[in-house]
Amino acid sequence: MSTIHHHHLKVEFSGGLELLFGNQRVHTLSLPAVIPDSERPSPSPSPPNLKSTSHSTSESRSTDVTYLIHYLRTHLLTDRPELFVDGDSIRPGILVLINDTDWELEGEGAYELKNGDEIVFISTLHGG
Amino acid sequence: MSTIHHHHLKVEFSGGLELLFGNQRVHTLSLPAVIPDSERPSPSPSPPNLKSTSHSTSESRSTDVTYLIHYLRTHLLTDRPELFVDGDSIRPGILVLINDTDWELEGEGAYELKNGDEIVFISTLHGG
Amino acid sequence: ASRLPRLAHIDDYPRYGRQMILDNFGLQGQIKLQRASVAVVGAGGLGCPALQYLAAAGVGRIAIIDHDTVELSNIQRQVLHNEETIGMSKVLSAAAAIKKTNSTIRVEPICEAIESSNAMALLQPYDLILDCTDNVPTRYLLSDTAVRLGRPLVSGAAQKYEGQLCIYNFGESGPCYRCIFPKPPAPEMSGSCEEMGILGAVTGVIGVMQALEAIKILTGLHDGKPTLMLFSALSMAPFRTIKLRARKPTCAACGIEGQQLGAIHETDYIAFCGGPRPDWEA
Amino acid sequence: ASRLPRLAHIDDYPRYGRQMILDNFGLQGQIKLQRASVAVVGAGGLGCPALQYLAAAGVGRIAIIDHDTVELSNIQRQVLHNEETIGMSKVLSAAAAIKKTNSTIRVEPICEAIESSNAMALLQPYDLILDCTDNVPTRYLLSDTAVRLGRPLVSGAAQKYEGQLCIYNFGESGPCYRCIFPKPPAPEMSGSCEEMGILGAVTGVIGVMQALEAIKILTGLHDGKPTLMLFSALSMAPFRTIKLRARKPTCAACGIEGQQLGAIHETDYIAFCGGPRPDWEA
Ligand SMILES: [Zn+2]
Ligand SMILES: [Zn+2]
């Protein structure tokens, strides 16, 4: 591909999570629509047979919420990653919202991002 | 044109206006994207010179909020039109919102509707 | 030696500590509240919760303007009044309640109907006005008076299951009530006289939000953008925030001289039903 | 002769008239409220406004559960308490206030800390539970207890400038707190012990909304869809409503037997900071 398409995203943190991201609630991001394998998070390597047979397929994998979380951790997080991620997934007590819908209704980390999507990370409040 | 494009719209009434529309707050409509002159509201006829020279132009006029108001009055209003329209325009005391924005910021009646637009008519509340 | 500003009472530090430690609030925010004066017009369904949170937060001077007396039918939503204060003037009932909450603030009960003849004089001493009334003519009068005095007007309204909240005449370019509604609504749509009904918690939500917006304005936490908040208690997404137009140069009340269209008539303020003394039960 | 249901007191008709004339409320709605019982856990920043509007609306039986006493630092937001009740038990202070509002309802002050040993017995008598507490372990305990008793749980939370509102365990398929948050948050994120600060009007908005949701459920006005409302007082659009997942078959608390993952441990309820008696100042 000669041109790289980008998705423009609005990412918001609330319930105290903004403190981990420079105390800024709203961030606008531009992420490539397709992520090369090399940039994907790889704590567990892909099975060898898949890796060898589907190189072009994996190269065209769309940017999903799992990648967004990886990206946020790597590029935007300013403080204490263990309060945002737990291994490769989001930390317990944090709810992810995709366009005002609980991410579990949208496929969780496998949800493929679209241009204009609004992703919110909230920590459950409990106080007064 | 051989195919007629339609805009799907969400129209909402609040602040008591729903009482004029069968006591139903939310209506979903499908309106043709282009309105023939014959169906337009015509309390004041177009100037003759315009009319004679621009027949094809006027035939392709896009559906706007003025037409929507005319349509709502003609097709959906169940009660007391004088509480919704005042001549050809909206009655004083009613605010029109186009996608959560005051219609005055969007060109008022001349705003050309797009597929998926959400139009809200509210009457100012004052009570308790 | 330079003296730093401080709170009036040593007890104010534990009293307001929970809000003074907030980001962008702090001691400065508390001092701003202490020095602020607010006029709450209407001590009914909207005024009661608004007064509670303004007094609790430490707004230094609060006027309560209303000419009504407490009735049993008010208690369902007017949470500063109670069975014991039935028959009492609403402003005295409300003032006694908020003085129990906060004896350190100045509370000024004004048992008068606000009218075009007294509005300027009554409201002039206050930094900010809350419209907690329930009728169209008084809403126009308060807006026009806020424009003439150069005060922001935090306006709440509620009926049945719905509420609205808007700040008029705020900042450099915020619209007034007439900018949005140059002409009054159809009398048939404004049920201030006929009985429309109201769920108490709806006035509660709007009244508390009025106090919140007032506190944001007084402490400098408000972003100043003109919005209208719509509340519909039975909707799945009950709140909607609308981006509003700026002040209109052609507005009869707040427009630019020479560009204004129309004029403000005394007759605008005459209640179009039930005589000149509207019933403020919001 | 068949007897139509009616309200208990002749005065109830003028008292509740403003809500009884609402569409889909009516005499039937008022009778449902009169027969309803609600337990409000926590008489702090959320519990006070919730109690006000539940009592004013005529909920027939209201329990107030809290073990704290009123302090000066509470008055900034806990609007049922006042300078005169400092040092008094919060449940007695709150009960006295709402009895003044409505002497016709039954108010049950319960001055106890809710714990896993007494939660079932304390909450069993009530149709609906309001979570107005301010710590994570009690939130799990109330959710698990609501599941075991089959009661809807109207849960509010607030800190700093933010609030959240959710109804758990509601209807056929509404999720419980554990469905959404199977594991507790990081202790560092849960500032129940350290001081986070709170603006009083934020607890006011959420507490009133809790009363409103409770009234909607009890009168049959609620649509039953699971949503989470987020409130952010300083945002231009301060409210956001989120569509939530349904009940999870795998949930340790409310899931289907045989499909449940994990188990509920007593240790979940031990406050992870400051010992077993959490501070309910929400
Ligand atoms: Zn104006
Ligand atoms: Zn569950």
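Order of the sequence lines sets the chain letters (A, B, ...), proteins ahead of strands, with each chain counted from 1.
- Of all the listed residues (C166(D), S232(D), A246(D), P182(D)), the one sharing the greatest number of non-hydrogen pairs under 4.5 Å with chain A is S232(D).
- The shortest distance between side-chain heavy atoms of Q164(D) and H126(A) does not fall below 4.5 Å.
- Residues of residues 111-121 of chain A having a heavy atom under 4.5 Å from any heavy atom of chain D, listed by number: E118(A), V120(A).
- Counting heavy-atom neighbours within 6.0 Å of Q259(D) CD, excluding the residue itself, gives a total above 12.
- For S235(D), the part lying under 4.5 angstrom from a heavy atom of chain A is the side chain only.
- The OG1 atom of T227(D) sits 11.5 Å away from atom CG of D102(A), with the distance rounded to the nearest 0.5 Å.
- For E104(A), the side-chain hydrogen bond (donor to acceptor under 3.5 Å, both in side chains) partners two or more places apart in sequence, or in a different chain, are R245(D), K248(D).
- Contacts between I94(A) and chain D at a heavy-atom distance below 4.5 Å involve the backbone alone (N, CA, C, O).
- Listed by chain and number, the residues in a salt bridge (charged side-chain N to carboxylate O under 4.0 Å, His left out) with D100(A) are R240(D) (sequence neighbours excluded).
- A search for ring-ring contact (aromatic ring centres under 6.0 Å, His included) contacts involving F21(A) returns F13(A), F84(A), not counting sequence neighbours.
- At a 4.5 Å heavy-atom cutoff, the contact between Y177(D) and chain A is made by side-chain atoms alone.
- Of the atoms belonging to L105(A), it is side-chain heavy atoms, and not backbone ones, that fall under 4.5 Å from chain D.
- Heavy-atom distances place the side chain of L228(D), and not its backbone, under 4.5 Å from chain A.
- From I198(D), atom CD1 reaches atom CG of L125(A) across 8.5 Å, with rounding to the nearest 0.5 Å.
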Using the side-chain contact (heavy atoms from CB on, under 4.5 Å) rule, take L230(D) and I122(A) through it: C-alpha gap first, then chi angles, then the decisive distance, then the call.
CA-CA 9 Å; L230(D) 306 178; I122(A) 66 158; 3.8 Å; yes
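- In this structure, OH on Y161(D) lies 15.5 Å from OG on S14(A), to the nearest 0.5 angstrom.
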